[in-house]
J.: 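Take a look at the following structure, please.
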Amino acid sequence: MPIRRRRDQPVSDQSAARSERRALRCRVTISRIGILTSGGDAPGMNAAIRAATLVAAQRGIEVVGFERGWEGVLDSRLRELTRRTTSPGSGIAPTHEVDTCASLGGSILGSARSKRFYEASERAKAKEALSSSTQRVDGLIVIGGNGSLTGAHALHTEQGVPFIGIPASIDNDIGCTGTCIGVDTALNTIVEACDRITDTARAHRRAFVVEVMGRQSGYLCMAASIAAGADAALFREDGRSEDEIVAIVADTVRRGFSDDRGKQRVLVLKAEGIEIPCTRLVRRVQEALDLTHPDLEIRATVLGHLVRGGAPSFLDRMVASRFALGAVMALAEGASDEMVAWQSPLSGGTPTVDRSVTRWSLTKVLDETRALLDGGSGVIKQRVALMHAAAGVLAL
Ligand code: F6P
């Protein structure tokens, strides 16, 4: 049935019609796709698995899940995520396990950081495996962070394996996208933890340095410090030396507990990207305080993997599901070597049926990711400038 475009159609209908026309024009026969979750797990990965499976099943496409990321592809560890059904429609439906997994943290498929997949020879084996009769798939949905997307890009470039990437990393350190699966839940977990620490800090009129994950990205620390009402935020992108950081924290504590401020607690958030162990930082600050204010106490708390677990938030489930719709439709359209992005801070990208979701080439994503981490990206400069503007407010 030809799809005609009517001028008076609202934009979303027009782009839906355009992508359907594209799908019809360049539809590769996609009858079976593979999904994998790779790298650090992130709350919301299961919501993406479920949504991708439902979108595919609705189109009559079978879905298999590779267990523990690229390791599952290399070791032929996979399982069916869809089943045949007699109910009306495509005749394919998600398995019960998939249908009920969206509220779970972690990944039902498991995840791993595959060192083997760094080797081109192993990627060639992966291509072979993905073409074998037992685990043949027409394309992959790769849910993961920078390392996983870089691996998928190499597999596509070297072996021509079609894939669409879905950004999943609590670190929010992936280029072209405003957020990644897991970021919102991790932020909520950090803020809740800071509220708990605030209770005991107030009771003892103490200061705390709370360290949060994020690898080289200070995003979690920056965003959570504002929401948790922290007195200061320490993140790698600021490029401060250890001595400067010790002085900043000691000064923040002294001023916070000074008579004119009269605070009952002082809270400092530290990104793990700052490579001073939290315990050493706190010990050095305590030594500095003992010289001037021996009655003041400071403690350290490292949240660690706590922020990676837990039931995914509304936002992570919603974003993950809408990523999945965009990704499966892109694969069905014959697109590859692209990543879906949420409310991209950059202009450009290929529109999808969803105004908040655009598609970006992996080359662009990886370039922008490098710029995010080396500080060259306008996005990171904006974030740091915002934090500097907020610093005075935070410390009030
Ligand atoms: O990338 C997600 C992340 O949680 C980082 O924030 C952290 O540095 C790293 O993974 C921890 O890795 P692992 O789970 O292998 O210890």
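Counting starts at 1 for both ligands and their atoms, in listed order. All of these numbers come straight from a predicted model, not from anything done at the bench. For reference, positions follow the sequence shown, starting with 1.
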J.: Transitive ILVMFWY cluster of Ile190 at side-chain heavy atoms under 4.5 Å: who else is in it?
T.: Ile170, Val183, Leu187, Ile197, Phe208, Val210, Val212, Met213, Tyr219, Leu220, Leu267, Leu269, Leu303, Leu306, Val307
J.: Run through Leu109, Asp75, Val142, Leu130 and flag the one making a side-chain contact (heavy atoms from CB on, under 4.5 Å) with Phe66.
T.: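 Only one option passes, and that is Leu130.
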J.: So, using side chain to side chain donor-acceptor pair (under 3.5 Å) as the criterion, who are the partners of Asp238 when residues are at least two apart?
T.: Arg240, His388
J.: Indicate yes or no: does Asp138 engage Arg136 in a salt bridge with an N to O separation below 4.0 Å.
T.: yes
J.: Applying salt bridge (charged side-chain N to carboxylate O under 4.0 Å, His left out), which residue pairs with at least one partner in residues 31-41 are found, sequence neighbours left out?
T.: Arg32-Glu62, Arg32-Glu80, Asp41-Arg308
J.: Quick check for students: name every N or O atom pair between ligand 1 and the protein closer than 3.5 Å, with distances.
T.:
residue, atom, partner, partner atom, Å
ligand 1, 1 (O), Asp171, OD2, 2.7
ligand 1, 1 (O), Arg215, NH2, 3.4
ligand 1, 4 (O), Arg308, NH1, 2.8
ligand 1, 6 (O), Asp171, OD1, 2.7
ligand 1, 6 (O), Gly214, N, 3.0
ligand 1, 6 (O), Glu272, OE2, 3.3
ligand 1, 8 (O), Glu272, OE2, 2.4
ligand 1, 10 (O), Arg113, NH2, 2.9
ligand 1, 10 (O), Arg215, NH2, 3.2
ligand 1, 10 (O), Arg308, NH1, 3.2
ligand 1, 12 (O), Arg113, NH2, 3.0
ligand 1, 14 (O), His305, NE2, 2.9
ligand 1, 14 (O), Arg308, NH1, 3.0
ligand 1, 14 (O), Arg308, NH2, 3.0
ligand 1, 15 (O), Arg113, NE, 3.1
ligand 1, 16 (O), His305, NE2, 3.2

J.: Can you say whether the rings of Phe117 and Trp70 are parallel (under 30°), tilted (30 to 60°) or perpendicular (over 60°)?
T.: parallel
